[in-house]
Structures are given as structure tokens and as C-alpha cells.
Amino acid sequence: MYALVDCNNFYVSCERVFQPRLLGMPVVVLSNNDGCLISRSDEAKALGLKMGEPYFKVKPLLEQHGVQVFSSNYALYGDLSRRVMRVLAQFAPEVEVYSIDESFLNLHELRYCNQTAAEIGADIREAVKLQVGIPVCVGMAATKTLAKLANRLARKTTCGVVVLDSAEDVHAALQATAVQDIWGIGRRLAPKLQAAGVQTAAELVAMPESWVRRHLGGVVGQRLWRELRGEACLTWHPTDEEDGGIAPRRHSVACTRSFGRPQQDATVLSEAVATFITRAAEKLRRQQLSAHLLTVLLGTDRFAPTAGASTHTAVLHLPSATHDTGELLRVALRGLRQLLRPGQAYVRAGVVLSGLEPAGHPQLDLFGATDPARLQRQEQLMQALDCVNRRFGRGMVRYAATGQRSAPWAGRSAFRSPAFTTCWDDLWQVKC
DNA sequence: TCTGGGGTCCTAGGACCC
DNA sequence: TCTGGGGTCCTAGGACCC
């Protein structure tokens with residue numbers, strides 16, 4: 001039996017933990033750059049506000065209904081997420097952190113100690129609410145895909161828990177689920193299924209496997225079909241405890257951002273890319289990884305009436321895998337120079353690091369350019385840098401190439417709440 | 001004026017190898 | 001005149017997820 005625990009309207013719920021006045025009010029949280037709606041309270045959903053809707057388009061509606069608006073505050077959400085996951089770990093020997101707001105629990109080995117699955121689900125909800133203040137829903141079933149489906153149905157119940165442990169329950173749940181609501185059926189596949197006369201999950205399960213394989217993206221669709229029939233096909237990736245974070249081993253690490261306004265100045269763009277590669281290198285070191293492939297990307301306005309290809313990329317190979325900011329910085333700026341077209345305005349830039357391998361076991365490059373003593377000095381420098389920045393705040397010591405702290409490319413973030421749990425200056429002050 | 005960011009997995013096609 | 005089969009690796013692009 002798997003359980004899927006999903007935080008309700010997670011970012012909105014995080015804001016509510018520290019601002020209880022928001023309970024019962026319509027609330028939305030915006031994406032980076034205050035671009036789109038990415039989290040909505042139930043009251044906001046009831047107003048017809050859609051996920052991913054551009055903020056500027058719905059601004060009048062938000063004002064008309066007194067909707068409370070927040071810029072995203074990942075310091076807060078990330079910290080509360082870790083706290084939720086810590087509570088969940090008390091309920092199962094193995095947990096797979098699937099995203100910032102959901103985890104799978106592996107209950108196969110669990111002795112039920114006189115409790116039913118539904119009772120365990122209720123305990124989980126109560127514990128998370130009590131210890132962190134976040135409401136969650138629990139879905140339980142034999143496969144991850146069915147647990148996801150159960151979780152969706154749980155959101156519509158008052159008890160917040162749905163267990164699918166009999167063939168009849170599973171069948172009823174499949175009948176109650178439209179194809180577009182199945183985990184793994186997205187915007188493109190749903191219309192394809194509907195056109196073939198398949199409207200519900202139950203109808204999909206009744207189709208022959210060969211048909212599914214042919215029309216539903218090959219093996220991916222085939223796995224999904226089997227999972228819905230109760231045969232577990234998706235791999236179980238338990239999350240390391242000391243890892244403290246997301247999933248097993250990454251294949252890539254990225255940092256990309258939209259700018260507050262279009263930029264064409266080469267210096268400004270260099271500073272942006274330098275900042276992004278600095279962040280990405282920090283992420284690599286935190287996860288004890290090194291990269292030997294670096295992609296730089298520049299994006300032009302994809303909504304422009306004449307827009308052609310809007311993302312341009314340069315891929316650069318590093319002679320040996322590294323997580324040294326200085327080395328990655330030099331290569332990234334070389335990539336940027338290859339891409340830059342004078343006079344072209346860019347609205348977005350970023351870097352992606354891939355070809356990842358565990359740090360500390362670099363393949364030395366063929367021509368002996370890797371001097372072990374130099375590598376050791378680099379390593380010590382990075383450790384010192386991370387140590388200072390952890391203690392005194394991000395960017396306290398940084399490369400000059402990243403420019404001033406108040407960057408001209410910085411995005412909008414007009415409605416950010418304090419980092420209540422991770423920043424001394426943002427702590428509440430109690431006056432007696 | 002204003003439209004997010006960070007991931008995963010799979011497939012097809014080309015280059016190249018023996 | 002005739003022009004194989006099996007494999008790897010890489011890249012680009014598609015589809016999906018939260």
C-alpha cells in the first residue's frame with residue numbers, strides 16, 4: 001500500500017500559518033516576477049481564478065473581490081516543506097519526497113497495529129496540522145498512480161482521506177475520474193483520448209494494452225495503464241534523510257529567471273548569467289555533485305507577434321567535472337558571448353548544469369591540466385565561501401562579475417511576506 | 001507595461017563504430 | 001554492378017509533473 005500526502009493549496013497555506021487573518025479570505029500567490037497565479041485558496045478558486053493565469057489579466061478581478069495577493073516566498077515555503085516531510089517520516093519507514101508539497105509513503109512493511117489504513121491517514125492529517133499548521137489530504141492505494149487518484153478524490157471529502165483497497169472501490173474511483181484528471185494525462189493526450197471516445201479512467205482501463213501503447217506515448221502510457229489496473233510499475237525512490245531535500249540523484253541543476261524588463265546591455269546580461277551560475281554552483285556543492293556540461297540560455301519575448309524561436313542555447317563541455325564557481329563562471333560567460341546578438345532584447349536568461357557525477361572523484365583531463373594542488377585550493381576556497389555565505393547571508397562574499405546587489409535585471413516581487421522562519425531580521429517581535 | 005521555474009522520461013534521427 | 005546489421009552516443013524536441 002502506498003500513501004500520497006499532498007498539502008492543500010500549499011503556498012497559500014504557508015502564508016496563512018503566520019497570518020491567520022487570511023483564513024476564510026480569497027488568497028493567491030504569484031510566480032517569480034509576479035507573473036502568474038501559482039497557488040489559490042479555495043475561496044479564490046470559487047471566484048473562477050485559474051492556475052497559471054497571468055496576474056496582469058486578472059488584476060481588476062482580484063481588486064474587485066479584495067483578493068489577498070502575495071509574491072512567492074520560497075525561503076518560507078521550502079522551510080515549512082521540510083518540516084512537513086519530517087512529520088511524515090514518523091509514519092513510514094520510507095518516504096519519497098516527490099515535490100515541495102507532496103510525498104509518497106511506502107506502507108508495505110508497516111504493521112498496522114490494530115489501525116485501519118483510514119485511521120492512519122487521519123492520524124497523518126492531524127499530526128501535520130498540529131505540528132506545522134498545514135492542512136493535507138491523504139490518498140492510499142496499491143500503486144502510486146492509484147494513490148494519486150485517491151488523493152484527488154480525498155480533496156472533495158470532509159475527512160480528507162480516501163483509501164482504495166477493494167476492487168469495487170477502485171472501479172468506482174476510476175469511473176468518477178475524467179481522463180484529464182489522471183496523473184500523467186496532460187493537455188495533449190486528454191483530447192486525443194476523448195476523440196477516441198475514452199472519457200473516464202474506467203474506460204481507459206477497459207481499452208486493450210496494445211491500443212494504449214500505440215496511442216498514449218509508448219511505454220509511458222503502457223505503464224500508466226498498468227498502474228491504474230493495480231500493477232505497480234513506477235520505481236520507488238526513497239529520499240535520503242541527510243539529503244533533507246528532494247528525490248534521489250539529480251540529472252541536472254538549473255537556475256533561470258525572467259527579467260523585470262527586457263535587457264540588451266552585454267554587461268547587465270553578463271552579471272545576470274554570473275549570478276545564475278553562482279546559484280547553480282552552490283546547489284551542486286550542497287548536493288556534493290560536479291558537472292561536466294554547461295548550457296547557457298537566453299530567451300527573447302515569446303509572446304511578441306513576430307516571435308520565432310524564443311530560446312537560444314549554447315552547450316559547453318568542461319574538460320573535467322567541477323563545482324568550482326570561478327571555473328564555471330568563465331565557461332558560462334564564454335557561452336554567453338557566443339549567443340549574444342547586438343541590439344537584441346532578451347527577457348530571460350539562465351544556466352543548466354548536467355552530466356552530473358559525485359564530487360570528489362573527477363575524471364582527470366587527458367592533458368594533465370588538472371593540477372591536484374590547484375584542485376585542493378579551489379575546493380578550500382569554495383568551502384570557505386559557502387561557510388561565510390551560510391553564516392552571514394547569501395551573496396555576502398561573491399564574484400565581482402555578478403555586479404551590484406540591486407540588479408537592473410531583477411524581477412518584480414511587490415507583495416513578498418517576511419521569511420518568518422529562516423531570517424533573524426524577519427522574526428516576529430513581541431513587545432511587552 | 002505586465003505571461004514562472006525546475007525537473008523527469010521518452011523518442012526520433014543523425015553520426016559514427018565494427 | 002552490387003551497397004548489411006547491430007550497436008552506441010548525442011541532440012532536439014515532445015509530453016508530462018508540481
Side-chain angles (χ1 to χ4, degrees), chain A residues 4 6-11 28-40 50-60 62 69 71-72 74 77-78 81 96-104 144-145 148 151-152 180-193 213-224 233-235 237 245-262 276 279-280 283 287 292-293 295 297 299-304 307 309-315 317 345 347-356 411-414:
Chain A
L4 176 69
D6 189 316
C7 301
N8 303 347
N9 315 331
F10 183 54
Y11 298 167
V28 298
V29 175
L30 305 178
S31 62
N32 260 344
N33 214 8
D34 291 344
C36 302
L37 274 52
I38 52 168
S39 183
R40 305 155 295 150
K50 297 275 177 289
M51 182 73 176
E53 220 158 7
Y55 170 56
F56 75 91
K57 283 191 182 167
V58 292
K59 200 173 165 192
L62 298 176
V69 178
S71 303
S72 35
Y74 288 103
Y77 312 152
S81 168
E96 177 182 337
V97 177
Y98 176 69
S99 76
I100 194 165
D101 71 337
E102 26 183 313
S103 263
F104 286 101
K144 286 180 164 183
T145 307
K148 271 294 245 192
N151 185 284
R152 246 196 108 264
Q180 66 268 24
D181 296 329
I182 301 171
W183 187 41
I185 302 294
R187 199 169 320 161
R188 309 301 284 258
L189 293 178
K192 229 168 130 177
L193 283 168
R213 191 183 168 119
R214 205 165 46 245
H215 294 100
L216 223 60
V219 294
V220 183
Q222 194 176 11
R223 272 205 292 258
L224 179 121
C233 301
L234 297 176
T235 333
H237 300 288
I246 314 295
R249 168 160 302 146
R250 304 226 157 287
H251 297 120
S252 66
V253 163
C255 182
T256 70
R257 287 285 176 284
S258 292
F259 302 141
R261 60 179 70 88
F276 302 153
R279 297 258 171 90
K283 283 191 210 176
Q287 296 176 48
H292 61 76
L293 214 56
T295 305
L297 53 95
T300 56
D301 183 4
R302 67 184 196 278
F303 298 102
S310 65
T311 303
H312 306 274
T313 57
V315 180
H317 293 255
V347 299
R348 196 167 67 92
V351 298
V352 181
L353 296 169
S354 50
L356 304 185
R412 284 176 301 276
S413 183

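The figures here come from the full heavy-atom set of this structure, side chains too, leaving out hydrogens, waters and symmetry mates. Residue numbers start from 1 in every chain, and the chains themselves are labelled A, B, ... in the order their sequence lines are given, proteins ahead of strands.
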At under 4.0 Å, does any side-chain N or O of Arg223(A) touch on OP1 or OP2 of dC10(B)? yes
Using a 4.0 Å heavy-atom cut-off across all strands, classify Glu53(A) as base, sugar-phosphate, or nothing. nothing
Quick check for you: among dC16(C), dC18(C), dG7(B), whose closest atom lies nearest to any side-chain atom of Glu102(A)? dC18(C)
Between atom CG in Leu37(A) and atom P in dC18(C), what is the gap in whole Å? 17 Å
Rounded to whole Å, please give me the gap between OH in Tyr74(A) and C1' in dG6(B). 9 Å
Heavy atoms only, 4.0 Å cut-off, all strands: where does Asp101(A) land among base, sugar-phosphate and nothing? sugar-phosphate
Which comes earlier along DNA chain B counting from the 5' end, the contact point of Gly260(A) or that of Gly218(A), where each point is its nearest nucleotide? Gly260(A)
Closest nucleotide of DNA chain B for Gly217(A) versus for Pro54(A): which of these residues is on the 5' side? Pro54(A)
So Leu353(A), base contact, sugar-phosphate only, or nothing? Heavy-atom distance under 4.0 Å. nothing
Counting only side-chain nitrogens and oxygens, does Lys192(A) get under 4.0 Å of the OP1 or OP2 atom of dA15(C)? no
Would you say Arg412(A) reaches dT1(B)'s phosphate, i.e. side-chain N/O to OP1/OP2 under 4.0 Å? no
Fill in the dot-bracket string of DNA chain B, one character per base: . for unpaired, | for a pair to another strand, ( ) or [ ] for pairs within the strand, taking Watson-Crick or G-U pairs under 3.5 Å. ....||||||||||||||
From the options Asp6(A), Leu4(A), Asp181(A), select the one residue that forms a side-chain contact (heavy atoms from CB on, under 4.5 Å) with Arg152(A). Asp181(A)
For dG5(B) and Ser258(A) - does any side-chain N or O of the residue sit under 4.0 Å from the phosphate oxygens OP1/OP2? yes
Can you check the Gln222(A) CD to dC16(C) P distance for me, whole Å? 18 Å
Without decimals, in angstroms, what is the distance between Tyr77(A) OH and dG5(B) P? 15 Å
Would you please determine if the base of dT3(B) is stacked by Phe303(A), with stacking meaning a centroid separation under 5.5 angstrom and planes under 30 degrees? yes
Using only heavy-atom distances, determine whether the side chains of Arg348(A) and Thr311(A) contain a donor-acceptor pair under 3.5 Å. yes
Evaluate the side-chain proximity of His317(A) to Leu293(A): yes if any heavy-atom separation is below 4.5 Å, no if none is. yes
Determine the contact category for Val253(A): base if any of its heavy atoms lies under 4.0 Å from a base atom, sugar-phosphate if only primed atoms, P, OP1 or OP2 are that close, otherwise nothing. sugar-phosphate
For dT8(B), does OP1 or OP2 lie under 4.0 Å from any side-chain N or O of Ser252(A)? yes
Need one value for Asn32(A): base, sugar-phosphate or nothing, where a base atom within 4.0 Å counts as base even if backbone is also close, heavy atoms only. sugar-phosphate
Nearest-Å distance once atom C1' is located in both dC17(C) and dG4(B): 15 Å
Greater than 12 external heavy atoms within 6.0 Å of Arg188(A)'s CZ: no
Short side-chain N/O contact to dG7(B) OP1/OP2 from His251(A), under 4.0 Å: no
